[in-house]
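As the structure is a prediction and not an experimental result, all values here were calculated from the model.
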Amino acid sequence: MTARVVLLGEAGIANVGNDASVAQVIRLLEERDPGVEVTLVGREPGTARAVLGRPSLGSRASWTYRGPLHASAPAKGLRVFLDLAHLVRLVGRFDAVLVPGTGALEVGRGGPPGGQILSLLLTGVACRLTRTPFAWVAVGGSRYTRRTTRAAVRAAAATATVRSYRDPLTLEAVRACGTDTSRDVLMDDIVTARADAPRAAQHAGADAAGDVVVVSVLDVPSATGEAHATAAERQRYEHETARVVGTLLDRGVPVRVVVSDAADVPVARRVVDAVATDRSRPGVEVRVPRDFDELSDDVAGVRAVVGSRFHVLVAAALLRVPFVTVEHADKVRVLSDDAGVGPYRVDAHAFRADELLESLDALLDKREALARDLDAWAVDAHRRTRAGYDEVLARLVAKGVFA
């Protein structure tokens with residue numbers, strides 16, 4: 001019988017990395033069963049359907065009340081109950097629910113429980129109630145400083161049939177919440193399992209992009225765990241980034257600004273406008289890839305990448321392009337260390353343009369050696385992720401999925 005599988009995640013929100021993670025899990029499922037029926041579940045079902053070409057359903061119950069008590073605790077509690085009832089009806093129609101990569105366990109620094117973690121918990125409870133296998137596939141997380149957040153993560157973990165993580169930091173964070181992770185599976189980001197990654201790397205060393213440096217900008221988060229960065233934090237980040245781009249142009253280095261998340265588009269516009277105030281400079285090329293293939297094309301063959309967005313750096317690493325990390329989250333720090341470019345990293349909330357440019361110059365001095373290190377990392381990451389996914393799949397088969 002054809003397996004009916006839900007992929008729960010943040011697809012269709014104009015984030016190339018999220019869509020790439022979901023697309024990769026679809027490919028892996030189809031390797032095992034070409035006839036598998038995949039349905040996406042998330043908060044933007046219409047966009048997810050358009051982007052990934054799969055049936056899509058909303059993860060939340062319909063809620064039209066906008067009265068004076070809309071934001072009250074009782075109203076929020078009722079909304080959670082309705083969402084759970086909706087998910088019970090939904091997941092009971094399927095053979096398994098998978099969380100396909102992405103930062104499903106991430107929160108802001110010290111942020112409260114809710115958002116993706118609450119969605120994960122409610123879906124897990126619904127799966128328990130309907131006896132539907134629930135698997136985390138290479139999910140990412142962060143360190144949890146609040147007791148309520150740790151409790152939510154621990155409860156969500158208890159509902160999963162199989163758990164796997166994209167890095168050791170996430171596994172340790174879940175363990176620190178009080179979860180027994182002794183049987184959990186560790187792999188790399190699910191996108192590293194792409195069968196075409198080694199082939200794509202064959203043209204990465206070509207000079208098609210010449211001496212171009214890619215700069216990936218970021219809608220910088222708050223350094224203190226608040227919901228949004230302050231105006232001062234944004235202005236400082238954009239000012240220093242514009243200084244980096246301007247200095248590279250003044251050196252005669254072509255710059256390509258790559259935007260992989262819709263949230264970063266206004267940032268890119270302001271950075272480019274700031275650089276353009278000096279009319280003697282050449283223009284800055286701006287690209288907004290629609291998917292991971294286009295993102296890879298934008299990165300392939302360039303001299304170096306400077307950036308923060310996780311999957312921009314993953315694309316660079318898979319294509320053996322050395323990168324300077326502008327660190328804003330644990331996941332990019334872990335990736336840069338694993339890929340051998342950890343020494344070339346600056347803090348997104350505190351870096352100075354001169355500091356970043358010094359790191360870039362040092363990286364370029366060792367570009368060939370670092371590219372060889374990245375080649376070894378890409379091969380190992382592909383192997384680790386395929387092995388980890390095979391273990392997750394074997395456990396699902398043991399539960400009767402794909403039988």
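- For the atom pair CG of L121 and OG of S119, the computed distance is 9.5 Å after rounding to the nearest 0.5 Å.
- Looking at L7 and V41, their side chains never come closer than 4.5 Å, going by heavy atoms from C-beta outward.
- Here the CG atom belonging to L122 is positioned 9.5 Å from the OG1 atom belonging to T159, to the nearest 0.5 angstrom.
- Residues D354 and R243 are paired through a salt bridge, judged by an N-O separation under 4.0 Å between the basic side chain and the carboxylate.
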* Determine, step by step, whether V107 and Y144 satisfy the side-chain contact (heavy atoms from CB on, under 4.5 Å) criterion, reporting the C-alpha distance in whole Å, the side-chain angles of both residues, the deciding distance to 0.1 Å, and the verdict. => CA-CA 8 Å; V107 294; Y144 310 112; 4.0 Å; yes
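- Between E238 and R234, no side-chain nitrogen of the basic residue sits less than 4.0 Å from a carboxylate oxygen of the acidic one, so the salt-bridge criterion is not met.
- Ion pairing between a basic and an acidic side chain is recognised when a charged N comes within 4.0 Å of a carboxylate O; E368 and R303 show no such pairing.
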Can you list the steps and then say if D33 with L29 is a side-chain contact (heavy atoms from CB on, under 4.5 Å)?
CA-CA 6 Å; D33 179 4; L29 289 171; over 6 Å; no
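- The backbone N or O of G12 sits less than 3.5 Å from a side-chain atom of D19, completing a donor-acceptor pair.
- Between K331 and E106, at least one side-chain nitrogen of the basic residue sits less than 4.0 Å from a carboxylate oxygen of the acidic one, meeting the salt-bridge criterion.
- A donor-acceptor distance shorter than 3.5 angstrom exists from the side chain of Y237 to the backbone of L218, with no hydrogens or angles considered.
- Side-chain contact annotation: S336 with R345, donor-acceptor N/O pair under 3.5 Å present.
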- Query: Would V97 and T123 count as a side-chain contact (heavy atoms from CB on, under 4.5 Å) if you check the C-alpha gap in whole Å, the side-chain angles of each, and the deciding distance to 0.1 Å?
  - Reply: CA-CA 9 Å; V97 176; T123 305; 4.0 Å; yes
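- The environment of CZ in R290 is sparse: at most 12 heavy-atom neighbours from other residues, nucleotides or ligands sit within 6.0 Å.
- Interatomic distance, CG of L105 versus CZ of R166, reported as 9.5 Å (0.5 Å rounding).
- Each of T102, D261, D189 was checked for a side-chain hydrogen bond (donor to acceptor under 3.5 Å, both in side chains) with H311, and the lone residue meeting it is D189.
- Taking CD1 of I190 as the reference point, atom CD of Q24 lies at 6.0 Å (rounded to 0.5 Å).
- Using a cut-off of 4.0 Å between Lys/Arg side-chain N and Asp/Glu carboxylate O, E327 and R309 are scored as not salt-bridged.
- A distance of 11.5 Å separates CG of D347 from CZ of R333, quoted to the nearest 0.5 Å.
- Nearest approach of R236 to A350, heavy atoms of both residues: NH2-N, 3.4 Å.
- The shortest heavy-atom contact between A156 and W136 is O-CZ2, 3.6 Å.
- Nearest approach of A138 to D188, heavy atoms of both residues: CB-O, 3.8 Å.
- Using a 4.0 Å cut-off between a side-chain N of Lys or Arg and a carboxylate O of Asp or Glu, E31 and R386 qualify as a salt bridge.
- At least one donor-acceptor pair under 3.5 Å links the side chain of T170 to the backbone N or O of G141.
- For the pair R372 and D375, the salt-bridge criterion is not met [side-chain N within less than 4.0 Å of a carboxylate O].
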*asked:* Is there a side-chain contact (heavy atoms from CB on, under 4.5 Å) between L118 and V80? Walk through the geometry before answering.
replied: CA-CA 9 Å; L118 179 59; V80 169; 4.3 Å; yes
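- Looking only at side-chain heavy atoms (C-beta outward), L98 and L396 come within less than 4.5 Å of each other.
- In plain terms, the two heavy atoms of E233 and A229 that are nearest each other are OE1-CA, 3.2 Å.
- Electrostatic pairing of D361 and R251 counts as a salt bridge here, judged by a charged N lying under 4.0 Å from a carboxylate O.
- For the pair R32 and E30, the salt-bridge criterion is not met [side-chain N within less than 4.0 Å of a carboxylate O].
- Ion pairing between a basic and an acidic side chain is recognised when a charged N comes within 4.0 Å of a carboxylate O; R43 and E10 show such pairing.
- To the nearest 0.5 Å, the span separating CG on D390 from CE on M187 amounts to 9.0 Å.
- Salt-bridge check for R281 with D250: passed, with a basic side-chain N closer than 4.0 Å to an acidic carboxylate O.
- Taking all atoms of both residues into account, the shortest heavy-atom contact from V88 to T130 is O-CG2, 3.6 Å.
- Listed here is the closest heavy atom pair of V346 and S359: CG1-OG, 4.0 Å.
- Put simply, the side chain of V6 does not reach to within 4.5 Å of the side chain of F134, judged on heavy atoms.
- The cationic atom of R384 (NZ for Lys, CZ for Arg) does not lie both less than 6.0 Å from the six-membered ring centre of Y389 and within 45° of the ring axis.
- Enclosure of atom CZ in R183 is not indicated, since only 12 or fewer non-hydrogen atoms of other residues, nucleotides or ligands lie within 6.0 angstrom.
- For T181 and R175, the side-chain atoms include at least one donor-acceptor pair closer than 3.5 Å.
- A donor-acceptor contact shorter than 3.5 Å links the side chain of R4 to the backbone of R93.
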